[in-house]
Amino acid sequence: MNAAAHPAVTRPMPHVMNTYGRLPMAVSHGRGCRVWDTEGREYLDALAGIAVNTLGHAHPALVAALQDQVAKVIHCCNYYEIPLQEQLAATLCELSGLDSVFFCSTGLEANEAALKIARKYGHDRGIARPAVIVYENAFHGRSIATLSATGNPKVQKGFEPLVEGFVRVPLNDLSAVEAAARDNPDIVAVFLETIQGEGGVNPARWDYLRGLRKVCNERGWLLMLDEVQCGIGRTGKWFAHQWADVLPDVMPLAKGLGSGVPIGAVVTGPRASGVLGPGNHGTTFGGNPLAMRAGVETLRIMREGGLLEHVAAMGQRLRSGLERELAGVSGVREIRGAGLMLGVELDSPCGVLMTRALQAGLLISVTADRTIRLVPPLVINAGEVDEVVARLCPLVTAFLAEPTP
Ligand SMILES: Cc1ncc(COP(=O)(O)O)c(C=O)c1O
């Protein structure tokens, strides 16, 4: 069936709390980078459930592993040893060069754990009111602490009072960090996304990250890099900060790590690994065998399939295709990002493009009002990359040619 026959009106879900403005499409099943809706229409997925479905949909090796795991044990609480936790933690440490992992189930939980580590790290050093440097346009989650760290008033509005202890600075301005340090002796950590996702696909410059590492070393602060969205191979390295050749002290992960199964992790280096001890932190679901198996298999399949090189090549192809097709189109401000995390910033709000793309059989998102975000499954092939470009660019060009209301 043709995706253009897509209904324009949202179907009601009267018993589901109304926290999302949903598009009128329900995925029935998927395969690789394609999904089909309950009416039989086919779509090309350039969103991956917001950077989650690393291996695409229904990857045969992942499906087999999860079926095997479900038939053995799904959940076992952290009162007991869970060998799959050690297995996944060892791989994450090997890939990151860090040395310890706490497992949870979502990105915000990973960030909560990171913030608790920062505060406890401060208390352990005699700082009674530890503060953390955070960023304009950052997004770290929607719990009370993580929305307080988030740099978007729309996310915070209505949930005040916000958690205290955050000092906000602009991205990529080292002098702002140095000024904050001079004004506030209670700072214990710097917390940022290596590439801001929800804030509009804004990369931290590699030299800026190296500068932050230096400041953190000089001042004894923790460098905490939120790689919930940009980690796990998305940029063509295991972790986006590896392009800058720096090591964080704390790295929250989630999204792509389980290829669709909910999972979160905080990976820490020597300065932070011993900060939390028994009784300081915990979660019922975190580290359960099903999620751990999903993480183990995702990383194994990525490694065995040489997925990092593939992401680098496909990312380059996607970027070149967008640059070629949108060259000279008035209203395209910038194409930016790394690997398969790309943003196309327009000069006007373009949320409507999500619906138009859906109608054209393409799943994308728009962040920060005017940035089209492309974060497809990492297994996307060259033909599919070309198809994303071919479906998206005419929509963008037509949108920008419309008279402004
Ligand atoms: C960088 C970053 N951190 C944290 C989160 C929150 O993750 P979750 O939605 O799993 O709580 C997100 C979600 O988009 C994110 O992009």
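What you see is a predicted model; the values in this text were computed from it and never measured. For ligands, and for the atoms within them, numbers begin at 1 and follow the listed sequence.
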Nearest-neighbour protein heavy atom for [atom], which is reported as residue plus atom name and distance:
{"atom": "atom 6 (C) of ligand 1", "result": "Leu108 N, 3.7 Å"}
{"atom": "atom 7 (O) of ligand 1", "result": "Gly107 CA, 3.3 Å"}
{"atom": "atom 16 (O) of ligand 1", "result": "Gln229 NE2, 2.8 Å"}

Counting both backbone and side chain atoms, is some N or O of Glu109 under 3.5 Å from an N or O of ligand 1?
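It does not: no N or O of Glu109 is found under 3.5 Å from an N or O of ligand 1.
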
Does the distance from a Lys or Arg side-chain N to an Asp or Glu carboxylate O, for [X] and [Y], drop under 4.0 Å?
{"X": "Glu218", "Y": "Lys214", "answer": "yes"}
{"X": "Glu402", "Y": "Arg356", "answer": "yes"}
{"X": "Arg213", "Y": "Asp249", "answer": "yes"}
{"X": "Arg182", "Y": "Glu178", "answer": "no"}

Under 3.5 Å, side-chain donor or acceptor atoms of residues 128-135 against the rest of the protein: list the pairs with distances, not counting sequence neighbours.
unit_1: Arg129; atom_1: NH2; unit_2: Glu164; atom_2: OE2; d: 2.2
unit_1: Tyr135; atom_1: OH; unit_2: Tyr208; atom_2: OH; d: 2.7

Which segment of [X] sits under 4.0 Å of ligand 1 when only heavy atoms are counted:
{"X": "Glu198", "result": "side chain"}
{"X": "Asp226", "result": "side chain"}
{"X": "Ile50", "result": "neither"}
{"X": "Lys255", "result": "side chain"}
{"X": "His140", "result": "backbone"}

Leu253 to Ala110 - nearest heavy-atom pair and separation
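Of all heavy-atom pairs spanning Leu253 and Ala110, the closest is O-CB, 3.6 Å.
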
Where is the tightest heavy-atom contact between Asn288 and Ile74, given as atom of each residue plus distance?
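Heavy atoms only, the tightest pair is OD1-O, 3.3 Å.
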
Give the atom numbers and elements of ligand 1 that come within less than 4.0 Å of a heavy atom of Asn111.
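Answer, ordered by atom number: 3 (N), 4 (C).
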
For ligand 1, which atoms, with element, lie under 4.0 Å from some heavy atom of Glu193?
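Atoms satisfying the 4.0 Å criterion: 1 (C).
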
How are the rings of Phe285 and His75 set to each other: parallel, tilted or perpendicular (split at 30° and 60°)?
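Rings of Phe285 and His75: perpendicular, over 60°.
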
Flag: protein heavy atom within less than 4.0 Å of atom 9 (O) of ligand 1:
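Answer no: nothing from the protein, no heavy atom, is under 4.0 Å.
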
